[in-house]
Amino acid sequence: MPRLSLLAALCLAALLQSFAVGLVPVIGGRPDLVLLLVTCWGMLRGTGDGTFGGLVGGLLLDLFSGVPFGSNTVLLGAVGLVAGLGEGSLSRGNLTLLLSTALLATVAFHGASYLLLQALGWTLPGAGLFGRLLAPSALLNVLLMPLAFRGIRHLIRVSVGWRQLEL
Amino acid sequence: MLTKRPSPPWRPGLAIIAVAAVLLFTPEPVHRVESLGTQLFAPVQLGVSGAFGGMQAFWSTLRRVSEIGEQNEYYRSEIDRLQSEFVRLKELELENEALRRLLSLKEQTQPGELLPVRVTASDVSPLLQSITVDRGANDGVRKDMPVVTWKGLVGRVVRANATTAKVLLLTDVNSSASVRIQDPDSRATGLARGRSDGALLLEHVPQQERLLPGQMVITSGLGGVFPGGLVVGRIGQVTQNDYEVFQRANIEPSVDMTKLEHLYVILSATGQSEAD
């Protein structure tokens with residue numbers, strides 16, 4: 001049941017992410033909604049569920065992207081796995097830790113994606129420009145992380161039951 | 001209390017490796033999954049796209065009410081001017097046609113049929129500047145077909161699924177087009193490359209050619225992907241170094257790639273015969 005709820009949330013997030021470009025005119029860029037949901041899901045549910053969420057979220061991103069099919073699936077699966085390693089210790093609502101995790105997940109995911117595409121022979125923007133392209137997304141992700149965390153926590157509580165997850 | 005037993009991390013790790021192996025070694029089923037997925041999401045994407053487009057247009061209109069009045073006046077005068085220009089160009093076209101026949105010149109290949117398409121999504125990766133449109137191989141869209149708006153060149157089709165297609169924008173670093181300066185004093189040719197920051201870079205223009213900011217850049221028709229005469233943009237800053245063989249210049253694209261909505265695919269012969 002929680003996995004089905006996550007699937008619905010990921011579908012919605014992926015659709016929104018594919019249209020959210022330019023909606024925040026001052027900052028530019030767009031938030032990585034799917035990445036945020038997968039990170040929060042992993043932090044709250046552990047490595048197994050984190051990986052599942054990452055693989056599904058990555059698959060959805062691959063449908064909406066021109067990058068080689070499967071690259072987002074594998075990378076986001078790894079993000080979900082790593083986020084799941086911090087289950088319990090990270091999920092107690094420490095705001096600084098939460099924001100740092102969002103920043104780290106953004107840089108790690110896009111950095112790994114950059115390296116993977118480069119290894120596959122793609123022409124990519126230089127490191128400086130890549131940093132400039134990534135900065136707005138990272139900022140938006142950090143700002144939205146507390147909201148995503150609360151959203152996923154609420155989703156789990158509703159679908160699993162309040163008594164099984166005391167946070 | 002959380003009663004769930006944590007799973008050992010090596011098991012999900014193994015799952016990721018298994019998925020990676022499947023994706024790597026079974027491209028055909030993976031392509032089918034991708035095609036099915038895009039077909040499944042295409043109507044939803046179109047609906048969400050329409051809703052977002054409507055919202056953005058509404059807010060944009062509210063912000064620009066006073067501006068729109070002035071623009072309306074400007075456009076009216078511009079229509080009058082363009083109508084007279086059109087008549088003059090028509091005359092020139094007729095004259096040109098007569099001269100071509102006279103000289104027995106081979107007519108330049110006409111651009112193919114235009115297929116109207118709508119943008120359903122933009123790429124979710126900041127590393128790639130591409131969009132998805134709502135027509136695919138079923139409507140005759142093929143890989144490498146040019147995509148345009150009435151303002152100019154947008155990019156080319158890089159992947160055609162049954163009902164959708166992915167278009168790589170001209171501003172992506174993986175895009176390039178053979179171009180020509182549209183100026184009576186300079187017919188210099190060069191290569192326009194995407195820079196991923198919304199602008200284009202004009203390269204391989206010999207030093208002796210005269211490049212000036214504001215000059216119009218159009219496709220040259222060389223290279224076989226884009227037909228000649230499509231507007232690309234205008235020259236911006238020019239960089240000339242004595243020690244280099246070629247000069248470079250920035251091109252400001254004529255099309256705002258962040259506000260794409262209604263586009264056209266040129267169903268020309270340049271596209272590959274089979275869907276990707």
Side-chain angles (χ1 to χ4, degrees), chain A residues 11 14-23 29-30 32 34 45-52 54-55 58-74 77-78 80-81 84-85 87-88 110 113-114 117 122-126 129-130 132-134 136-137 163-166, chain B residues 1-13 15-17 19-20 22-24 27 30-31 33-34 36-38 40-41 44-45 47-49 51-53 55-56 120-132 158-159 166-168 172-175 193-197 258-259:
Chain A
C11 283
L15 278 169
L16 285 176
Q17 196 174 323
S18 67
F19 296 104
V21 66
L23 281 184
R30 81 179 95 192
D32 295 303
V34 175
R45 299 282 297 180
T47 53
D49 275 0
T51 306
F52 168 79
L55 292 174
L59 194 70
L60 289 168
L61 285 186
D62 277 326
L63 290 178
F64 301 145
S65 178
V67 297
F69 194 82
S71 55
N72 283 315
T73 308
V74 173
L81 170 65
L85 292 174
E87 183 195 11
H110 288 296
S113 186
Y114 187 90
L117 291 179
W122 282 54
T123 309
L124 296 171
L129 181 57
F130 171 57
R132 285 206 300 278
L133 289 171
L134 192 59
S137 296
R163 293 183 60 196
Q164 289 191 42
L165 190 64
E166 287 181 2
Chain B
M1 283 288 284
L2 199 68
T3 53
K4 184 171 67 75
R5 259 184 69 191
S7 59
W10 61 266
R11 275 166 56 184
I16 294 172
I17 293 168
V19 169
V22 168
L23 292 167
L24 199 64
V30 166
H31 183 73
V33 169
E34 184 190 4
L36 191 74
T38 48
L40 197 72
F41 277 99
V44 188
Q45 279 185 309
V48 178
S49 164
F52 262 89
M55 270 163 58
Q56 280 180 319
T120 58
S122 58
D123 203 290
V124 289
S125 169
L127 294 171
L128 200 65
Q129 298 203 356
S130 76
I131 51 169
T132 307
V158 287
R159 198 181 299 168
K166 284 204 167 75
V167 177
L168 188 69
D172 187 273
V173 284
N174 291 286
S175 279
R193 280 186 183 283
R195 293 196 331 187
S196 277
D197 62 351
T258 61
K259 290 173 183 160

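Note that the structure is predicted; figures quoted are calculated from it, not measured. Lettering of chains follows the sequences in order, A, B, ..., and the numbering in each one begins at 1.
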Tell me, with the steps shown, if Ile16(B) and Thr51(A) meet side chain to side chain contact (heavy atoms under 4.5 Å, CB included). CA-CA 8 Å; Ile16(B) 294 172; Thr51(A) 306; 3.5 Å; yes
Before giving the answer on side chain to side chain contact (heavy atoms under 4.5 Å, CB included), spell out for Ser65(A) and Lys166(B) the whole-Å C-alpha distance, their side-chain angles and the decisive distance to 0.1 Å. CA-CA 8 Å; Ser65(A) 178; Lys166(B) 284 204 167 75; 5.5 Å; no
Worked verdict on Thr73(A) versus Val19(B) for side chain to side chain contact (heavy atoms under 4.5 Å, CB included): CA-CA 8 Å; Thr73(A) 308; Val19(B) 169; 3.9 Å; yes
Please step through side chain to side chain contact (heavy atoms under 4.5 Å, CB included) for the pair Leu127(B) and Trp122(A), ending with a clear verdict. CA-CA 10 Å; Leu127(B) 294 171; Trp122(A) 282 54; over 6 Å; no
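Taken to the nearest 0.5 Å, the CG atom of Asp123(B) stands 7.0 Å off from the CZ atom of Arg30(A). We find the CG-CG distance between Leu117(A) and Leu128(B) to be 8.0 Å, quoted to the nearest 0.5 Å. Atom CG of Leu59(A) and atom CD of Glu34(B) lie 9.5 Å apart (nearest 0.5 Å).
Proximity of a side-chain donor or acceptor of Ser122(B) to a complementary backbone N or O of Ser18(A) within less than 3.5 Å is detected.
Nearest heavy-atom pair, Leu129(A) versus Arg195(B), reported as atom, atom and distance to 0.1 Å: CD2-O, 2.9 Å. Summarising the geometry of Ser130(B) relative to Gly66(A), their closest heavy-atom pair is OG-N, 4.1 Å, with the distance given to 0.1 Å.
Looking at Leu63(A), the atoms closer than 4.5 Å to chain B (heavy atoms on both sides) sit in the backbone and in the side chain alike. For a residue to count as touching a neighbouring chain, one of its non-hydrogen atoms must lie under 4.5 Å from one of that chain's; by this rule Leu61(A) touches chain B with backbone and side chain alike. Contacts of Phe130(A) with chain B are made by side-chain atoms alone, with heavy-atom separations under 4.5 Å and no backbone atom involved.
Judged as a side chain to side chain contact (heavy atoms under 4.5 Å, CB included), and not counting sequence neighbours, the contacts of Ala14(A) are Val34(A), Leu60(A), Phe64(A).
Most heavy-atom pairs under 4.5 Å with chain B, from the set Phe52(A), Phe69(A), Tyr114(A): that is Phe69(A).
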